[in-house]
Amino acid sequence: MAVTVQDSKEAMEQFMAAGGFDFPVMLEGEQAARAYGIQAIPTIVLIDPQGRVAETLIGGASAEELSRLVAALAG
């Protein structure tokens, strides 16, 4: 799931289409960003199966890095 804080719905739809992404996006996610202590964009927060923050990455990440981190969460 992605959370957008500053982008319009139209901008996010264009980004998702251009990247071929197909996952949920929370629009107007300011409250969620505050709840997780997000201070920089982009920030990636990985949540483990128990609902706990497992990893926080400030800045972007490659698909390979994200795949590795998600696989580690799965055990």
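The first residue of the sequence shown is numbered 1, and numbering continues consecutively from there. Predicted, not measured: the structure shown is a model, and the values here were computed from it.
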pair L57-T43: side-chain heavy atoms closer than 4.5 Å: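 Answer no - side chains too far apart.
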V53 vs L46 side-chain heavy atoms within contact, under 4.5 Å: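 Result no, sub-4.5 Å side-chain heavy-atom pair not found.
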Show me the side-chain donor-acceptor pairs of residues 59-75 shorter than 3.5 Å, one per line, residues at least two apart or across chains.
unit_1, atom_1, unit_2, atom_2, d
S62, OG, E65, N, 3.0
S67, OG, A63, O, 3.0

Contacts under 3.5 angstrom, residues 26-39 side chains, donor-acceptor by atom type, not counting sequence neighbours:
none

Hey, what else clusters with I41 if you join Ile, Leu, Val, Met, Phe, Trp, Tyr whenever side-chain heavy atoms sit under 4.5 Å?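 Once heavy-atom contacts under 4.5 Å are chained together, I41 belongs with V5.
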Sequence neighbours excluded - ring pair (Phe, Tyr, Trp, His ring centres under 6.0 Å) pairs with any residue from residues 37-75: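 Found none.
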Considering non-hydrogen atoms only, spot the tightest contact between T4 and M12 and give its length.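 Taking T4 first and M12 second, the nearest heavy atoms are CB-CE, 3.5 Å.
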Distance in Å, Q50 CD paired with I47 CD1, rounded so as to fall on 0.5 Å steps: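 One finds 11.5 Å between CD of Q50 and CD1 of I47.
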Output every pair passing salt bridge (charged side-chain N to carboxylate O under 4.0 Å, His left out) with a member in residues 44-62, not counting sequence neighbours, ordered by first then second residue.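 Matches after skipping sequence neighbours: D48-R52.
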